[in-house]
Amino acid sequence: MSLRFYNTLTQELAPFAPQDGKTVRMYTCGPTVWNFVHIGNLRSFTSQDILRRWLRYRGWELRHVMNLTDVDDRIIQQAVAAGQTIYDYTDTYAKAFFEDTAKVRLEKPEIVCKATDHIPEMVSLIQSLEHNDCTYLSEGSVYFRITKFPEYGKLSHTHFEGNKAGARVDTDKYDKENARDFVLWKARKEGEHFWDTPLGAGRPGWHIECSAMAMKYLGETLDIHCGGVDLVFPHHENEIAQAEAATGKPFSRFWIHTEHLMVEGQTMSKSLGNFYTLRDLLDKGYAPEAVRYLLASVPYRKQLNFTFDGLKAAVTAMERLRNYELRLTTSKFADGVNPKMTERAKTAIDQFEAALDDDLNTAEALGAIFEFVRDTNTAMDSGEFLAGDVTAARDLLARFDSIFDVLKPTVAGGAISDTDVDALIAERAAAKKSRNFQRSDEIRKQLLDQGVILEDTKEGTRWKRK
RNA sequence: GGCGCGGUAGCCAAGUGGUAAGGCAGAGGUCUGCAAAACCUUUACUCGUCGGUUCGACUCCGAUCCGCGCCUCCA
């Protein structure tokens, strides 16, 4: 079976290939840079990172655009409260966003773009819509008239009633003709940041930035557009309306949405006290890779229930894989190649690839890896795993890690150097030889305090960082 | 009310018309100066509930209960 994804637009699993047969043009809705990234955000961004990596694994080139929303109501409020310009205010969080996402090893999209750098593009798109008679002016703001876009609702599969202007709503009482109409350009308000444009002084509505920037960098029809499920309506529905009413072409071929994350079975919210930023978790001592592992391990279309027990389980599971890699690289195996092992590795690769091809089934992909690990560990114990089998096993791990990226520990700055570790291990070996176990254990304890774990094996002592 | 996602062992979770992957936790064992690591055995006669279709369903159909999300800028 070929690579396929679930498309929100068609509500079906469909084979995927980029429209030009070469480069995937993908747009993901990035963060609103008004706060530190939380684990709910990170769930979405992690699933998009897995998608990125899998598309490349499958040989496609990638042109991935992600926006930073750096102007909206909250930002304006917060910036005013902090006595800063919106630029200074959002800069802090934009920087923090990339620091945080780098820690959980999210690849940076090929193009990252800020809303405030694309005001002319947005204005121009709104003008196209004006030209197509899809807009109207009300109290200085420009609105999109959804009656001009009959397909409105096709993404969220909603049939909106009462689309006839004035039929059910006394338009005189409202600034919109229809309750579902949405603002493209907001008239300037006293004390708010604004731009002087042909549309008048004001600032962009929420949705227009994505349509404008996506089309600027990716053309009128994207291959994939991603976001969290909460964005299906109204955000993505409105993006479609704006883009398609302007161009007359499909805005995106695939719409891929990540389900929400819950915390201890409940919606994550500040008021429930179960709201966690990545920084909160790292402050509690969890490795960023463990967070990544946990977020990646549940398929993206399933709600993920985040718990600290789950995070601890992720730590252990990840360590199991790292221990396996360590064993693979440090153990000595008898010469030769066991065809059974070669075959076993091939099966694992097939299963791994089939799982991810199937709408990024990460849980099943992990299952394939763990089964392989168990089987080959057993073979190592029994002596059936030979030196010539190491390459195939390492190749599988490399394929796995090119997607999951959790095997290499994050080494803190100022950590003890490899040579110092080796020197202490040598001293400990001497102590052990003279049966000075007190000194031997002392060294192990000392290294442990510095985040280094020693393991004695038949072939000598091996070590790893915590 | 409308739209959508889901209910599988203590927890997380895959799967499928043919008799329940994997991870974590638990129990017992092997190995071991100790500690790890690793392996073995063990933990769902059962897949929310009730009907139906079928030789056979957890998997298909119907009904029903429960959880979650969206339907006013929250990933």
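These values consider heavy atoms only, across backbone and side chains, with no hydrogens, waters or symmetry-generated copies. Numbered from 1 within each chain, the chains take letters A, B, ... in sequence-line order.
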Checklist entry - Listed by chain and number, what are the side-chain hydrogen bond (donor to acceptor under 3.5 Å, both in side chains) partners of Asp73(A), not counting sequence neighbours? => result Lys186(A), Arg203(A)

Checklist outcome for this item: In Phe251(A), Trp255(A), Tyr27(A), the residue satisfying ring pair (Phe, Tyr, Trp, His ring centres under 6.0 Å) with His236(A) is Trp255(A)

Checklist outcome for this item: By side-chain contact (heavy atoms from CB on, under 4.5 Å), Glu190(A) pairs with (sequence neighbours left out) none

Checklist entry - Sequence neighbours excluded, which residues qualify as side-chain contact (heavy atoms from CB on, under 4.5 Å) partners of Arg344(A)? => result Thr347(A), Ala348(A), Glu371(A), Phe372(A), Asp375(A)

Checklist entry - Quick one: side-chain contact (heavy atoms from CB on, under 4.5 Å) partners of His235(A), sequence neighbours excluded? => result Cys29(A), Trp206(A), His207(A), Cys210(A), Leu231(A), Glu239(A)

Next on the checklist: Taking U19(B) as the reference, what is the distance to G69(B) when you measure between their C1' atoms (whole Å, please)?
Outcome noted: 35 Å

Next on the checklist: Between C1' on C70(B) and CZ on Arg180(A), what's the gap in Å once rounded to a whole number?
Outcome noted: 11 Å

Checklist entry - What integer number of Å spans the P atoms of C50(B) and U42(B)? => result 30 Å

Checklist entry - For Phe5(A), which residues count as a ring-ring contact (aromatic ring centres under 6.0 Å, His included) partner, sequence neighbours excluded? => result Phe16(A)

Item to check | Sugar-phosphate only, base, or nothing, as touched by Tyr6(A) at under 4.0 Å among non-hydrogen atoms | outcome: sugar-phosphate

Item to check | Asn238(A) CG to C70(B) C1', straight-line distance once rounded to whole Å | outcome: 13 Å

Checklist outcome for this item: Using Watson-Crick geometry (N1-N3 plus N6-O4 or O6-N4) or G-U wobble (N1-O2, O6-N3), each under 3.5 Å, C60(B) is paired with G52(B)

Item to check | C1' atoms of C71(B) and U8(B), separation to the nearest Å | outcome: 31 Å

Checklist entry - How close or far is atom C1' of U30(B) from atom CG of Asp381(A), stated in whole angstroms? => result 10 Å

Checklist entry - Across all strands, who's sitting opposite U42(B) as a Watson-Crick or G-U wobble pair, both distances under 3.5 Å? => result G26(B)

Checklist entry - Salt bridge between Arg462(A) and Glu455(A), side-chain N to carboxylate O under 4.0 Å? => result yes

Item to check | P-based separation of A21(B) from A27(B) [nearest Å] | outcome: 24 Å

Item to check | P-based separation of C39(B) from U46(B) [nearest Å] | outcome: 30 Å

Checklist entry - What is the distance from CZ of Arg301(A) to P of C5(B), rounded to the nearest Å? => result 8 Å

Checklist outcome for this item: The side-chain hydrogen bond (donor to acceptor under 3.5 Å, both in side chains) partners of Thr90(A) (sequence neighbours excluded) come to none

Next on the checklist: Nearest whole Å is fine: how far is A38(B) C1' from Phe385(A) CZ?
Outcome noted: 14 Å

Next on the checklist: Using the C1' atom as the point on both nucleotides, what is the distance between A9(B) and C47(B), in whole Å?
Outcome noted: 10 Å

Next on the checklist: If I take atom CG in residue Leu321(A) and atom C1' in nucleotide G22(B), what distance separates them, rounded to the nearest angstrom?
Outcome noted: 11 Å

Item to check | Within residues 371-380 of chain A, residues whose heavy atoms come under 4.0 Å of RNA chain B | outcome: Glu371(A), Arg374(A), Asn377(A), Thr378(A)

In residues 308-319 of chain A, what donor-acceptor pairs under 3.5 Å come from side-chain atoms, sequence neighbours left out?
{"from": "Thr316(A)", "atom 1": "OG1", "to": "Lys312(A)", "atom 2": "O", "distance (Å)": "3.0"}

Checklist outcome for this item: Asp70(A) meets the salt bridge (Lys or Arg N to Asp or Glu O under 4.0 Å) criterion, sequence neighbours left out, with none

Next on the checklist: Does the structure show a Watson-Crick or G-U wobble partner for U32(B), both distances under 3.5 Å? Name it, or say none.
Outcome noted: none

Pairwise N/O distances under 3.5 Å, protein to nucleotides 31-34 of chain B:
{"from": "G33(B)", "atom 1": "O6", "to": "Ser440(A)", "atom 2": "OG", "distance (Å)": "3.3"}
{"from": "G33(B)", "atom 1": "N1", "to": "Asp441(A)", "atom 2": "OD1", "distance (Å)": "3.0"}
{"from": "G33(B)", "atom 1": "N2", "to": "Asp441(A)", "atom 2": "OD1", "distance (Å)": "3.4"}
{"from": "G33(B)", "atom 1": "N2", "to": "Asp441(A)", "atom 2": "OD2", "distance (Å)": "2.7"}
{"from": "C34(B)", "atom 1": "O2", "to": "Arg444(A)", "atom 2": "NH2", "distance (Å)": "2.2"}
{"from": "C34(B)", "atom 1": "N3", "to": "Arg444(A)", "atom 2": "NH1", "distance (Å)": "3.3"}
{"from": "C34(B)", "atom 1": "N3", "to": "Arg444(A)", "atom 2": "NH2", "distance (Å)": "3.1"}
{"from": "C34(B)", "atom 1": "N4", "to": "Asp456(A)", "atom 2": "OD2", "distance (Å)": "2.9"}

Identify each atom pair where a protein N or O and an N or O of nucleotides 11-15 of chain B are less than 3.5 Å apart, giving names and distance.
{"from": "A14(B)", "atom 1": "OP2", "to": "Lys302(A)", "atom 2": "NZ", "distance (Å)": "2.9"}
{"from": "A14(B)", "atom 1": "O3'", "to": "Asn361(A)", "atom 2": "ND2", "distance (Å)": "2.8"}
{"from": "G15(B)", "atom 1": "OP1", "to": "Asn361(A)", "atom 2": "ND2", "distance (Å)": "2.6"}

Checklist entry - Given atom CG of Leu13(A) and atom P of U16(B), what is their separation to the nearest angstrom? => result 11 Å

Checklist entry - ring pair (Phe, Tyr, Trp, His ring centres under 6.0 Å) between Tyr93(A) and Phe36(A): does it pass, once the steps are laid out? => result CA-CA 6 Å; Tyr93(A) 293 106; Phe36(A) 294 115; 5.2 Å; yes

Checklist entry - Between G18(B) and C74(B), how far is it from one P atom to the other, in whole Å? => result 46 Å

Item to check | Ring center gap for Tyr276(A) and His38(A) short of 6.0 angstrom | outcome: no

Item to check | Contact under 4.0 Å: Arg322(A) side-chain N or O vs A37(B) OP1/OP2 | outcome: no

Checklist entry - With sugar-phosphate meaning primed atoms plus P, OP1 and OP2, does Gln266(A) contact a base, only sugar-phosphate, or nothing at under 4.0 Å between heavy atoms? => result nothing

Checklist entry - Does any donor atom in the side chain of Asn67(A) or Thr69(A) lie under 3.5 Å from an acceptor atom in the other side chain? => result yes

Item to check | Whichever of Phe370(A) and Thr457(A) has its nearest RNA chain B nucleotide further upstream toward 5' | outcome: Phe370(A)

Item to check | U72(B): pairing nucleotide in any strand, Watson-Crick or G-U under 3.5 angstrom | outcome: none

Taking only nitrogen or oxygen atoms into account, show me every contact under 3.5 Å that the protein makes with nucleotides 73-75 of chain B, one pair per line with its distance.
{"from": "C73(B)", "atom 1": "N3", "to": "Asp73(A)", "atom 2": "OD2", "distance (Å)": "3.2"}
{"from": "C73(B)", "atom 1": "N3", "to": "Lys186(A)", "atom 2": "NZ", "distance (Å)": "3.2"}
{"from": "C73(B)", "atom 1": "N4", "to": "Lys186(A)", "atom 2": "NZ", "distance (Å)": "3.1"}
{"from": "C74(B)", "atom 1": "OP2", "to": "Arg74(A)", "atom 2": "NE", "distance (Å)": "3.1"}
{"from": "C74(B)", "atom 1": "OP2", "to": "Arg74(A)", "atom 2": "NH1", "distance (Å)": "3.2"}
{"from": "C74(B)", "atom 1": "OP2", "to": "Arg74(A)", "atom 2": "NH2", "distance (Å)": "2.9"}
{"from": "C74(B)", "atom 1": "O5'", "to": "Arg74(A)", "atom 2": "NH1", "distance (Å)": "3.3"}
{"from": "A75(B)", "atom 1": "O4'", "to": "Asn41(A)", "atom 2": "OD1", "distance (Å)": "3.3"}
{"from": "A75(B)", "atom 1": "O2'", "to": "Ser44(A)", "atom 2": "OG", "distance (Å)": "3.1"}
{"from": "A75(B)", "atom 1": "O2'", "to": "Gly228(A)", "atom 2": "N", "distance (Å)": "2.4"}
{"from": "A75(B)", "atom 1": "N1", "to": "Leu261(A)", "atom 2": "N", "distance (Å)": "3.0"}
{"from": "A75(B)", "atom 1": "N3", "to": "Gly40(A)", "atom 2": "O", "distance (Å)": "2.8"}

Next on the checklist: Any donor-acceptor pair under 3.5 Å linking the side-chain atoms of Tyr152(A) with those of Thr158(A)?
Outcome noted: no

Item to check | Gap in Å between the two C1' atoms, one belonging to G2(B) and one to A14(B), rounded | outcome: 32 Å

Checklist outcome for this item: Distance col, row Ser2(A):OG vs Asp358(A):CG, nearest 0.5 angstrom, shows 10.0 Å

Checklist entry - What's the CG-P distance between Leu155(A) and G69(B), to the nearest Å? => result 20 Å

Checklist entry - On the ring face of Phe437(A), is Lys432(A) found with NZ or CZ under 6.0 Å from the centre and within 45° of the axis? => result no

